[in-house]
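Here's the structure we're looking at; comments come further down.
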Amino acid sequence: MKKLHIKTGDTVVVLSGDDKGVKGEVIAVSPEEGKVIVKGANMIHKHVKPRKQGETGGVVDAEGALYACKVALYCPNCKKGVRVKMNTEGDKKVRVCAKCGAEL
């Protein structure tokens with residue numbers, strides 16, 4: 001099983017690609033593929049068929065998956081994407097900003 005530095009609910013910044021600089025919340029994480037889905041980033045057009053009678057089909061905008069290495073955690077103190085450092089406080093681990101030391 002693979003581990004990622006990103007968890008569901010984190011605020012991240014996209015580092016590269018067409019959506020470079022976009023800040024958003026992580027909706028879903030897939031450690032097996034090494035991908036994350038970020039709200040408002042990597043929007044794709046999905047063609048949807050009507051499945052039930054009376055339901056309408058059409059083109060729907062949805063978020064596509066991004067590789068986790070293409071996003072960085074957003075630090076509210078630094079106001080940018082930063083690397084993460086693990087600190088142990090007692091018997092629990094805490095993620096902190098590697099630059100300013102703020103808890104993320």
| query | Between Ala41 and Leu66, which heavy-atom pair has the shortest distance, and what is it? | reply | CB-CD1, 4.4 Å
| If two hydrophobic side chains count as joined below 4.5 Å and joins carry through other members, does Leu4 share a cluster with Ile37? | no
| task | Using a 4.5 Å cut-off on heavy atoms from C-beta on, say whether the side chain of Ile27 contacts that of Glu25. | result | no
| field | Heavy-atom pair of closest approach, residues Cys75 and Leu104 | value | CA-CD2, 4.0 Å
| field | From NE2 (His5) to CG (Asp10), nearest 0.5 Å | value | 9.0 Å
| query | Is there a side-chain contact between Lys93 and Asn87 (heavy atoms, below 4.5 Å)? | reply | no
| field | Check: Asn42 main-chain N/O paired with Asp19 side-chain donor or acceptor under 3.5 Å | value | yes
| request: Mind listing the closest non-hydrogen atom pair of Gly40 and Glu63 along with its distance? | output: N-OE2, 3.4 Å
| said: Quick check: closest heavy atoms across Cys78 and Cys97, and the distance to 0.1 Å? | reply: SG-SG, 3.8 Å
| task | Step through the shown structure and confirm whether more than 12 heavy atoms of other residues, nucleotides or ligands are within 6.0 Å of CG on Asp61. | result | yes
| Smallest separation among heavy atoms of Cys100 and Asn77, with atom names | SG-CB, 3.9 Å
| Below 4.5 Å, heavy atoms only, C-beta onward: do Val36 and Val12 meet side chain to side chain? | no
| said: Please give me the minimum heavy-atom distance between Tyr74 and Val13, naming the atom from each residue. | reply: CD1-CG2, 3.5 Å
| Checking Lys20 side chain against Gly17 main chain: does a donor-acceptor pair fall under 3.5 Å? | no
| Is the closest side-chain heavy-atom distance between Val38 and Val22 below 4.5 Å? | no
| Val71-Val96 co-clustered via ILVMFWY side chain contacts under 4.5 Å | no
| Under a 4.5 Å cut-off applied to non-hydrogen side-chain atoms, are Thr11 and Lys23 in contact? | yes
| said: Measuring from atom OG of Ser30 to atom NZ of Lys35, what distance do you get when rounded to the nearest 0.5 angstrom? | reply: 8.5 Å
| said: Quick one, Arg95 and Glu103 - any side-chain contact, counting heavy atoms below 4.5 Å? | reply: no
| Transitively linked via ILVMFWY side-chain contacts under 4.5 Å: Leu73 with Val14? | yes
